[in-house]
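Here's the structure, in structure tokens; my notes come after.
Indexing begins at 1, ligand by ligand and atom by atom, following the structure's order.
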Amino acid sequence: MQDAQARDVLRDALRRAPRGRTPHIVVFTGAGVSAESGIPTFRDALTGLWERFDAQQLATPEAFLRDPPLVWGWYEWRRMRAMQASPNAAHAAIAALEAGPARITVVTQNVDDLHERAGSRAPVHLHGSLFAPRCFDCDEPATPGRCMPEEPEGGRRLAPPACARCGGPVRPGVVWFGEPLPERALAAAFDAAAACDVLFSVGASSLVHPAAQVPVVAKEAGALVVQVNPNATPLDPVADLNVRGPAAIALPPLLAACAGRD
Ligand code: BV8
Ligand code: ZN
């Protein structure tokens, strides 16, 4: 489908919002939205100290308990990469939607803070954040390092700090595989998906559950579902529009059409 046609389809979907109700857009993002900011996606092979590991193996409580410095060092290296990165044109276009006429809900699987730094007011983090460490044993929040970690390019093993309250090991504030997602965040994501007129799935492989269900809930509730991804994903047969391209290039013109700015 040509871009102009896609923009027409989007405008029609927003016009169909029942009279008097503000049109509602959900933007659901995965690691691919941060790819053009230089942050490796979960599909990319790991590098340096961790190149012989699969991210899905390391992003688990078992891996942390087995070797806390290996896992904590990985997250500090990733926190450094996130702090060194800048939001890209996709993050900016998503944030700019909030100045437009529609109600916007941003739901992200990502643990970086690029949506916030681009100006999105309250993204729903389904998988937590690199900037919310807490104690592994007693859940006491630990002060998030806001200073840039000085990690070597290839990474290193780094012993996690000790909890100020109980002395237990501090862990990253992310949701690991095998751990439940934060209930309020997941409920907010499904509620927004069930109520919206249009849902964009941007840079998500649609392989990680239950997050991958969010666009499906929107589709089943009657929303127009638009997927932006250079590659095919399991969402392809569900999406109404599959826009093949990198987020920073393909997404801004589509969102401009939603804000009536094109
Ligand atoms: C749970 C935080 C239960 C950590 C992450 C049902 C079916 C199958 C499996 C399961 C299921 N239910 C549960 C499971 C198990 C598991 C799971 O989903 N496994 C899959 C992978 C087989 N899920 C869980 O374990 C979840 N927990 O279900 O708990 C429970 C309930 C009660 C009590 C106890 C337990 C927890 C899942 C959360 C894991 N944590 N992140 C960290 O970051 O280190 S997930 C991790 O993957 C990241 O958050 C990442 O965002 C996410 C998903 O990946 P994507 O975001 O999609 O990124 P990915 O790299 O995969 O793909 C990038 C995409 O971008 C690609 O499609 C690529 O084409 C595209 N792209 C590339 N460049 C660009 C681009 N797109 C646009 N522009 C570009 N330039
Ligand atoms: Zn503690």
Side-chain angles (χ1 to χ4, degrees), residues 27-46 50 53-64 71-72 74-79 81-82 88-91 93-94 107-112 114-115 125-142 160-183 185-186 200-216 227-236 242-252 254:
V27 185
F28 172 78
T29 65
V33 80
S34 298
E36 286 150 283
S37 297
I39 296 184
T41 74
F42 240 63
R43 294 307 106 196
D44 296 331
L46 297 187
W50 306 286
F53 294 100
D54 174 332
Q56 274 178 225
Q57 287 173 326
L58 280 186
T60 63
E62 294 77 15
F64 182 75
V71 175
W72 180 255
W74 182 45
Y75 281 92
E76 280 299 272
W77 180 84
R78 289 175 61 191
R79 185 166 70 86
R81 290 290 299 269
N88 62 54
H91 296 105
I94 294 166
V107 177
T108 188
Q109 299 175 99
N110 299 341
V111 294
D112 62 52
L114 296 185
H115 281 305
H125 279 271
L126 293 178
H127 295 157
S129 165
L130 289 168
F131 300 93
R134 65 176 191 271
C135 176
F136 188 91
D137 292 337
C138 75
D139 268 349
E140 173 79 359
C163 167
R165 189 163 82 177
C166 77
V170 170
R171 57 162 287 171
V174 302
V175 178
W176 277 326
F177 287 97
E179 294 186 325
L181 275 59
E183 274 180 31
L186 192 57
F200 289 89
S201 176
V202 185
S205 60
S206 298
L207 294 172
V208 175
H209 291 263
Q213 277 304 103
V214 172
V216 176
Q227 178 175 225
V228 177
N229 192 318
N231 302 308
T233 77
L235 190 68
D236 277 35
N242 283 303
V243 178
R244 285 275 182 275
I249 307 287
L251 187 65
L254 295 173

Asn242 side, atom CG; Gln227 side, atom CD - distance, nearest 0.5 Å
5.0 Å
Give, for atom CG of Asp139 and atom CZ of Arg171, the distance between the pair rounded to the nearest 0.5 Å.
8.0 Å
Centroid separation Trp74 to Phe53 less than 6.0 Å
no
Closest contact, heavy atoms only, Val228 versus Ala247:
CG1-CA, 4.1 Å
If you round to the nearest 0.5 Å, how far is CZ of Phe42 from CG of Asp54?
8.5 Å
Could you tell me whether Asn231 and ligand 1 have an N or O pair separated by under 3.5 Å?
yes
List the closest protein heavy-atom neighbour of atom 31 (C) of ligand 1: residue, atom name, distance to the nearest 0.1 Å.
Pro180 CB, 3.9 Å
Euclidean distance, Ile94 CD1 relative to Leu251 CG, rounded to 0.5 Å:
5.5 Å
Give me the residue, atom name and distance of the protein heavy atom closest to atom 52 (C) of ligand 1.
Val208 CG2, 3.9 Å
Roughly how far, to the nearest 0.5 Å, is NE2 of His91 from CG of Asp112?
5.5 Å
Consider every N or O of Trp74 and every N or O of ligand 1, then say whether any pair is closer than 3.5 Å.
no
Pairs of nitrogen or oxygen atoms closer than 3.5 Å, one from Ala31 and one from ligand 1: do any exist?
yes
In ligand 1, which numbered atoms sit nearer than 4.0 Å to a non-hydrogen atom of Glu36?
78 (N), 79 (C), 80 (N)
Is there a protein heavy atom less than 4.0 Å away from atom 2 (C) of ligand 1?
yes
Donor-acceptor under 3.5 Å (Glu140 side chain, Arg165 main chain):
no
Val111 to ligand 1: N or O pair under 3.5 Å?
no
Within-4.5 Å side-chain heavy-atom neighbours: His125 and Pro182:
no
State the atoms of ligand 1, each with its element, that fall below the 4.0 Å cut-off from a heavy-atom position in Gly30.
56 (O)
In terms of atom number and element, which parts of ligand 1 are under 4.0 angstrom from non-hydrogen atoms of Thr41?
60 (O), 63 (C)
Heavy-atom nearest neighbour in the protein, as seen from atom 67 (O) of ligand 1, with distance rounded to 0.1 Å:
Asn229 ND2, 2.9 Å
Short N/O distance, under 3.5 Å, between Gln56 and ligand 1?
no
Can you report which non-hydrogen protein atom sits closest to atom 20 (C) of ligand 1, along with the distance?
Leu207 O, 3.5 Å
Please list the nearest protein heavy atom to atom 73 (N) of ligand 1 with its residue and the distance rounded to 0.1 Å.
Ala35 CB, 3.7 Å
Please check this pair: side chain of Ser37 against backbone of Ile39, looking for a donor-acceptor N/O pair closer than 3.5 Å.
no
Would Gly203 count as a polar contact of ligand 1, with the cut-off being nitrogen or oxygen pairs under 3.5 Å?
yes
For atom 16 (C) of ligand 1, what is the closest protein heavy atom, and at what distance to 0.1 Å?
Phe177 CD2, 3.9 Å
Nearest to atom 59 (P) of ligand 1, what protein heavy atom do you find, and at what distance?
Arg43 NE, 3.3 Å
Proximity winner for atom 42 (C) of ligand 1, if only heavy atoms of His127, Arg78, Arg244, Glu179 are counted:
Arg78
I want to check a possible cation-pi pair here: Arg78 against Trp50, using under 6.0 Å from ring centre and within 45° of the ring axis as the test.
no
Counting from 1, what ligand 1 atoms have a heavy atom of Asn110 closer than 4.0 Å?
51 (O)
Hey, are the side chains of Gln57 and Phe177 touching, using non-hydrogen atoms and a 4.5 Å cut-off?
no
Go through the steps for Trp176 and Val71 under the test side-chain contact (heavy atoms from CB on, under 4.5 Å), then give the verdict.
CA-CA 11 Å; Trp176 277 326; Val71 175; 4.0 Å; yes
Ignoring hydrogens, just give me the one of Gln227, His209, Gln213 whose non-hydrogen atom is nearest atom 13 (C) of ligand 1.
His209
With the threshold set at under 4.0 angstrom, would you say Val202 reaches ligand 1 through any of its heavy atoms?
no
Going by distance only, is there an N or O of Gly178 that falls short of 3.5 Å from an N or O of ligand 1?
yes
For atom 39 (C) of ligand 1, which of Asn88, Val175, Leu251 has the closest heavy atom?
Val175
Interfacing atoms of ligand 1 (cut-off 4.0 Å, heavy-atom, Ala204):
57 (O), 67 (O)
When rounded to the nearest 0.5 angstrom, what is the spacing between CZ in Phe64 and OH in Tyr75?
10.0 Å
Nearest-option assignment for atom 50 (C) of ligand 1, heavy atoms, candidates Tyr75, Trp176, Phe42:
Phe42
Between Asp236 and Arg244, is there a salt bridge with N-O shorter than 4.0 Å?
yes
Less than 3.5 Å between some nitrogen or oxygen of Ser205 and one of ligand 1, yes or no?
yes
Rounded to 10 degrees, what angle sits at the Zn ion (ligand 2) between Cys138 SG and Cys135 SG?
110°
Heavy-atom donor-acceptor pair, Asn229 side chain to Ala204 backbone, under 3.5 Å
yes
Atom 71 (N) of ligand 1: nearest protein contact (heavy atom, Å)
Gly32 CA, 3.6 Å
Looking at Thr60 and Ala63, would you say the former's side chain and the latter's main chain have a donor-acceptor pair under 3.5 Å?
yes
For the atoms SG of Cys163 and SG of Cys166, give the angle they form at the Zn ion (ligand 2), rounded to 10 degrees.
110°
